[in-house]
Every structure is written in structure tokens, then in C-alpha cells.
Amino acid sequence: MMQQHGKRNWLIATAVLSTLAAAPAWAAKDVVVAANSNFTTLDPYDANDTLSQAVAKSFYQGLFGFDKDMKRQNVLAESYAASDDGLTYTFKLRQGVKFQDGTDFNAEAVKVNLDRASNPDNHLKRYNLFKMIAKTEVIHSL
């Protein structure tokens, strides 16, 4: 019985965190969330537990996300194109986006993150999701 109770609390905490992660930024207020577990990191590339991923998703955005029907949605990427051989992907990024410190979101920031995530020397727990990246390049459109 104790194991089921702990699992239920974890599911409730995960549901609450998932709901918070889906809330628009303009609705942000102070929130207190109780969870029956501790998250291990705030680094989304180095988290291998569900709670840490849920917490990180509440304040990090990706190039793409999923809607309630698990269909891909553009978030920081407006679109992408794949080469005919499926080995090269080109992303068109949203303009006018800023990090919390006021720094511009741009292709250089995406490159830094992808280079970090795909570098085995960093020993990140989510490396296997990025290890197929051979290289990243910043291409400025005219």
C-alpha cells in the first residue's frame, strides 16, 4: 500500500509540474509545488529522471515541442528543412526572442547548446539523444 501511495504522489506532482510547464509566461506568478522526490539537476542535457526533466521544461524552451495530442509544434524554430539524404537539417529560428538576461536568442546560442550536448567529452546523461550530430554550423540568411 505504501508503494502505491508514493507512486500516486509522484504522478500528482508530475501532473502539476507538467501543467505548470504548459502555462504561458505571461501568467507566471509565485508558485509553491510539493513533490515526494528531489530533482537532481536543472540542466536539461544532464537529467535522466522525469522530475528533473519536468522542472527544467518549466523554464527552458526548445526548438520544438508537442501539443496535447503529441503533435510537433514549432517553439523557438519557425520551421526546418531536411536534405534529400536526411543528414542535414536547416532551422529557421524565431526572431525577437530574448533570454532572461536580455541577451538575444540566435543561431550562435543554438550552436553552443547543440555542440555541448553532442560532445562525448562533456559526459552528459542525455548525450545519446544528440550523438548523431556530426557538426553544427551557423548560416546567416541575407
Side-chain angles (χ1 to χ4, degrees), residues 1-83 85-141:
M1 184 69 168
M2 190 66 142
Q3 189 176 17
Q4 285 182 341
H5 180 69
K7 184 176 180 181
R8 187 183 63 185
N9 284 344
W10 179 82
L11 290 173
I12 291 169
T14 301
V16 168
L17 287 172
S18 296
T19 301
L20 291 174
W26 55 265
K29 297 184 190 243
D30 289 343
V31 175
V32 177
V33 176
N36 197 20
S37 181
N38 292 327
F39 54 89
T40 59
T41 182
L42 295 177
D43 182 347
Y45 298 114
D46 203 28
N48 64 355
D49 63 288
T50 303
L51 183 58
S52 294
Q53 281 293 311
V55 170
K57 286 180 182 178
S58 71
F59 53 87
Y60 286 116
Q61 289 185 323
L63 297 178
F64 301 98
F66 296 100
D67 67 12
K68 63 182 174 81
D69 298 318
M70 294 305 292
K71 293 184 181 168
R72 186 189 50 79
Q73 280 188 313
N74 297 342
V75 179
L76 293 175
E78 289 182 356
S79 62
Y80 75 96
S83 63
D85 62 7
L87 296 177
T88 302
Y89 290 80
T90 304
F91 299 93
K92 181 178 180 189
L93 304 177
R94 282 183 47 198
Q95 300 295 306
V97 177
K98 303 242 183 229
F99 288 101
Q100 80 281 358
D101 67 356
T103 304
D104 289 332
F105 165 74
N106 55 32
E108 288 82 7
V110 173
K111 180 179 177 11
V112 165
N113 279 280
L114 290 176
D115 286 350
R116 177 177 174 259
S118 63
N119 183 343
D121 295 337
N122 291 327
H123 304 287
L124 298 172
K125 292 178 180 87
R126 299 188 66 86
Y127 165 74
N128 283 334
L129 298 174
F130 300 92
K131 68 182 180 182
M132 77 293 288
I133 298 174
K135 67 177 181 173
T136 56
E137 296 178 36
V138 173
I139 300 169
H140 295 281
S141 54

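Just so it is clear, the structure is predicted and the values come from calculations on it, not from any experiment.
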Rounded to the nearest 0.5 angstrom, the CG-CZ distance for Leu76 and Phe91 is 11.5 Å
How many angstroms lie between atom CG of Asn128 and atom OG of Ser118, to the nearest 0.5 angstrom?
12.0 Å
Between Arg126 and Asp46, is there a salt bridge with N-O shorter than 4.0 Å?
no
Run the side-chain hydrogen bond (donor to acceptor under 3.5 Å, both in side chains) test against [X] and tell me which residues pass, sequence neighbours left out.
X: Lys125; result: none
X: Asp85; result: Ser83
X: Thr40; result: Asp49, Ser52

N/O donor-acceptor pairs under 3.5 Å from side chains in residues 62-69, not counting sequence neighbours:
residue	atom	partner	partner atom	Å
Asp67	OD1	Asp69	N	2.9
Asp67	OD1	Met70	N	3.1
Asp67	OD1	Lys71	N	2.9

Can you tell if the side chain of [X] reaches within under 4.5 Å of the side chain of [Y], non-hydrogen atoms only?
X: Leu124; Y: Arg116; answer: yes
X: Asn106; Y: Leu93; answer: no
X: Leu114; Y: Val110; answer: yes

Quick note, ring pair (Phe, Tyr, Trp, His ring centres under 6.0 Å) partners involving residues 31-58, not counting sequence neighbours, are Tyr45-Phe130
Apply side-chain hydrogen bond (donor to acceptor under 3.5 Å, both in side chains) to residues Asp101 and Thr103 and explain how you reach the verdict.
CA-CA 6 Å; Asp101 67 356; Thr103 304; 2.8 Å; yes
Indicate the ring-plane relationship of Tyr89 and Tyr80, choosing parallel, tilted or perpendicular according to the 30° and 60° boundaries.
tilted
Give the C-alpha distance, both sets of side-chain angles, the deciding distance and a yes or no for side-chain contact (heavy atoms from CB on, under 4.5 Å) between Asp104 and Lys98.
CA-CA 5 Å; Asp104 289 332; Lys98 303 242 183 229; 2.4 Å; yes
List the atom of Val138, the atom of Ala107, and the distance in Å for their closest heavy-atom pair.
CG1-CB, 3.6 Å
Would you name the heavy atoms of Gln95 and Glu78 that are closest together and state the gap between them?
N-OE2, 4.2 Å
Given 3.5 Å as the limit, does a donor-acceptor pair link the side chain of Lys111 with the main chain of Thr136, or not?
yes
Identify, with sequence neighbours excluded, every residue that meets ring-ring contact (aromatic ring centres under 6.0 Å, His included) alongside Tyr127.
none
